[in-house]
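All values derive from a computational prediction rather than experimental measurement.
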Amino acid sequence: MKKQLLTAITVAAAAGVYASAYSDAMKAAEQELKTKKYKVAVTSFVAAADVADKPDEKANAYYRAGECSRTLRNYPDANKFYNKILEVKGVSPYYEGLAKMRIGQCLYWQRKYAEAIPELEKAAAVKGAHPHHVSDSLMHIGYCQYNTKQYDAALITFDKVIADPKAHPNHHSYALIFRGLTKKAQKKYDEAIAEFKQVVDNPKNHPHHISSAQVNIGNCLRDQKKYEESIVEYEKVIVMPKAHPSHKSDAQRLIGHSLRDMKKYDESTKAFEKVLVMKDANPYHVHVALIYIGHNYNSLKKPDKAVEYFAKAAANPKSHPHWLSDALYNEGNAYYTLKQYDKAKAAYEKILANPKSNPYHIKKAKEKIKQIDALNKK
């Protein structure tokens with residue numbers, strides 16, 4: 001009897017030590033996450049997994065390590081940790097489904113669509129998996145099919161999400177949006193608009209999904225060259241109080257494009273100028289607005305004004321390298337039109353000086369520099 005009691009006490013004490021070590025390691029990792037020390041946090045989460053006594057605690061620690069690597073876009077390392085979850089004996093269906101979903105998603109985020117689909121199918125097939133993980137897996141299968149132009153297959157996949165009463169509500173509305181995008185890609189514009197309207201007309205849907213769907217109604221009309229009708233739809237986004245800020249700036253930008261498509265260059269410029277002063281406008285939309293104000297001035301035969309806006313777009317060092325090379329290329333072209341060849345060459349050379357410039361712009365800049373050098377020899 002005494003031996004049994006001593007054994008029980010020893011086991012309980014050991015369990016307490018493991019629980020304390022696990023808790024300490026997890027707390028350390030959480031603290032590191034707060035300061036965004038993701039690589040250090042990975043080490044702490046792995047340490048927690050090493051001392052975890054319960055299968056799901058071990059799985060949770062590996063999952064958190066994987067999430068840190070995923071945040072750093074180190075997808076191969078992330079998948080190593082997600083795979084470790086699947087090696088844990090006695091792991092629950094919750095973590096099995098979550099791990100398999102993330103394995104597939106990491107492949108998707110690397111644009112390895114063909115590899116991602118079978119992994120996501122495994123996740124969706126886990127018995128007892130969380131319903132939201134199942135619907136998320138199906139959504140990503142649909143994204144893979146959409147991105148590889150398997151449109152009919154994508155529609156079937158998104159239908160499965162819509163038909164599932166246990167799917168996450170956001171997955172329901174986003175499946176409708178992607179059904180609309182798929183129909184739009186097939187140039188079935190009326191059917192696409194009908195899908196988007198289902199999202200817009202349901203006030204229970206997430207406001208950002210509603211504003212996304214509304215932008216896409218405008219896009220369907222613009223694709224059909226129904227420019228005035230598209231503007232009406234884009235304007236609805238701008239007045240939505242809970243629309244995503246990027247959807248608002250996108251809608252304003254697209255109004256500028258529709259007006260430009262109608263060759264209303266002055267009105268188009270005014271529309272693009274509104275993007276520049278919008279609160280929380282997407283930086284890309286600001287860049288595009290500056291570039292197209294420049295294009296509008298070129299269309300009005302005012303290259304001296306055009307160059308001013310291309311230069312503004314090129315003046316932001318925080319812009320994506322491809323945006324900068326786009327701005328510099330257009331700036332160089334405007335100076336070339338003005339026969340200010342030294343300034344044009346300087347803009348083109350800035351493109352060549354940045355190895356991250358868009359390859360197309362690098363190629364065209366080299367061609368332009370050759371043309372300028374030939375002119376200077378005359």
Spacing of [atom1] belonging to [X] relative to [atom2] belonging to [Y], to within rounding of 0.5 Å:
| X | Y | atom1 | atom2 | answer |
| --- | --- | --- | --- | --- |
| E349 | I372 | CD | CD1 | 8.5 Å |
| K225 | M262 | NZ | CE | 13.5 Å |
| K236 | I217 | NZ | CD1 | 7.0 Å |
| L259 | F272 | CG | CZ | 8.0 Å |
| H133 | K100 | NE2 | NZ | 14.0 Å |
| S212 | F196 | OG | CZ | 7.5 Å |

Non-neighbouring partners of K356 that pass side chain to side chain contact (heavy atoms under 4.5 Å, CB included), sequence neighbours left out | P321, N354

Apply ring-ring contact (aromatic ring centres under 6.0 Å, His included) to Y335 and list each qualifying residue two or more places apart in sequence or on a separate chain.
-> none

Could you pull out the closest heavy-atom pair between [X] and [Y], with the gap in Å?
| X | Y | value |
| --- | --- | --- |
| A123 | S137 | CB-OG, 3.4 Å |
| Y336 | A344 | N-CB, 3.8 Å |
| A154 | Q145 | CA-OE1, 3.3 Å |
| D152 | Q186 | OD1-NE2, 3.4 Å |
| A314 | A327 | N-CB, 3.5 Å |
| V237 | Q214 | CG2-CG, 3.3 Å |

Validation row: [X], [Y] side chains within 4.5 angstrom (heavy atoms):
| X | Y | result |
| --- | --- | --- |
| I238 | I255 | yes |
| H168 | D136 | no |
| K350 | Y348 | no |
| D50 | K58 | no |
| Y234 | R222 | yes |
| L221 | I193 | yes |
| E229 | V232 | no |
| H295 | I291 | yes |

Could you check whether the rings of Y146 and F178 sit parallel, tilted or perpendicular, using 30° and 60° as the cut-offs?
-> perpendicular

Look at the aromatic rings of H320 and H322 and report parallel, tilted or perpendicular, splitting at 30° and 60°.
-> perpendicular

Do K80 and D77 sit within salt-bridge range, that is, some charged N less than 4.0 Å from a carboxylate O?
-> yes

Hey, is E367 close enough to K370 for a salt bridge, meaning N to O under 4.0 Å?
-> no

Could you give me the CA-CA distance, side-chain angles and deciding distance for I351 and I362, then say whether side chain to side chain contact (heavy atoms under 4.5 Å, CB included) is met?
-> CA-CA 6 Å; I351 296 172; I362 291 173; 4.1 Å; yes

With side chain to side chain contact (heavy atoms under 4.5 Å, CB included) as the test, would you mind laying out the steps for D266 and L300 before giving the verdict?
-> CA-CA 9 Å; D266 289 329; L300 292 167; 3.4 Å; yes

Show your working on salt bridge (charged side-chain N to carboxylate O under 4.0 Å, His left out) between K345 and D342 and close with a plain yes or no.
-> CA-CA 5 Å; K345 186 174 181 178; D342 288 345; over 6 Å; no

Test item: S357 side-chain N/O and A353 main-chain N/O as donor-acceptor pair under 3.5 Å | no

Non-neighbouring partners of [X] that pass side-chain hydrogen bond (donor to acceptor under 3.5 Å, both in side chains), sequence neighbours left out:
| X | value |
| --- | --- |
| T182 | none |
| D190 | none |
| N205 | none |

Stepwise salt bridge (charged side-chain N to carboxylate O under 4.0 Å, His left out) test for K270 and E267 | CA-CA 5 Å; K270 289 177 183 178; E267 290 180 53; over 6 Å; no

Pairing donors with acceptors under 3.5 angstrom, does anything connect the side chains of [X] and [Y]?
| X | Y | value |
| --- | --- | --- |
| N296 | T269 | yes |
| R260 | S299 | yes |
| S249 | N282 | no |

So, Y143 versus H140, ring centres under 6.0 angstrom or not?
-> yes

Output all residues satisfying salt bridge (Lys or Arg N to Asp or Glu O under 4.0 Å) with [X], sequence neighbours left out; order by chain, then residue number.
| X | answer |
| --- | --- |
| D164 | none |
| D56 | none |
| K160 | none |
| E87 | none |

Report whether [X] and [Y] are members of the same hydrophobic cluster (ILVMFWY, side-chain heavy atoms less than 4.5 Å apart, transitive linking).
| X | Y | value |
| --- | --- | --- |
| V307 | W323 | no |
| Y113 | Y75 | yes |
| V200 | Y174 | yes |

Which pairs with one or both residues in residues 244-257 pass salt bridge (charged side-chain N to carboxylate O under 4.0 Å, His left out), sequence neighbours excluded?
-> D250-R253

Any salt bridge (charged side-chain N to carboxylate O under 4.0 Å, His left out) involving residues 59-69? Give me the pairs, sequence neighbours left out, ordered by first then second residue.
-> E30-R64, E67-R70, E67-R102

Check the pair N298, F310 against side chain to side chain contact (heavy atoms under 4.5 Å, CB included), reporting the backbone distance first and the verdict last.
-> CA-CA 11 Å; N298 271 337; F310 295 140; 3.6 Å; yes

Can you tell me if OH on Y292 sees more than 12 non-hydrogen neighbours from other groups inside 6.0 Å?
-> no

Using a cut-off of 6.0 Å, state whether more than 12 heavy atoms not belonging to Y284 lie near its atom OH.
-> no

Step by step, work out the side chain to side chain contact (heavy atoms under 4.5 Å, CB included) result for E195 and I177.
-> CA-CA 7 Å; E195 300 286 352; I177 288 173; over 6 Å; no

Mind checking who shares a hydrophobic cluster with V46, ILVMFWY linked at side-chain heavy-atom distances under 4.5 Å?
-> V42, Y62, Y63, F81, Y82, I85, L86, V88, V91, Y94, Y95, L98, M101, I103

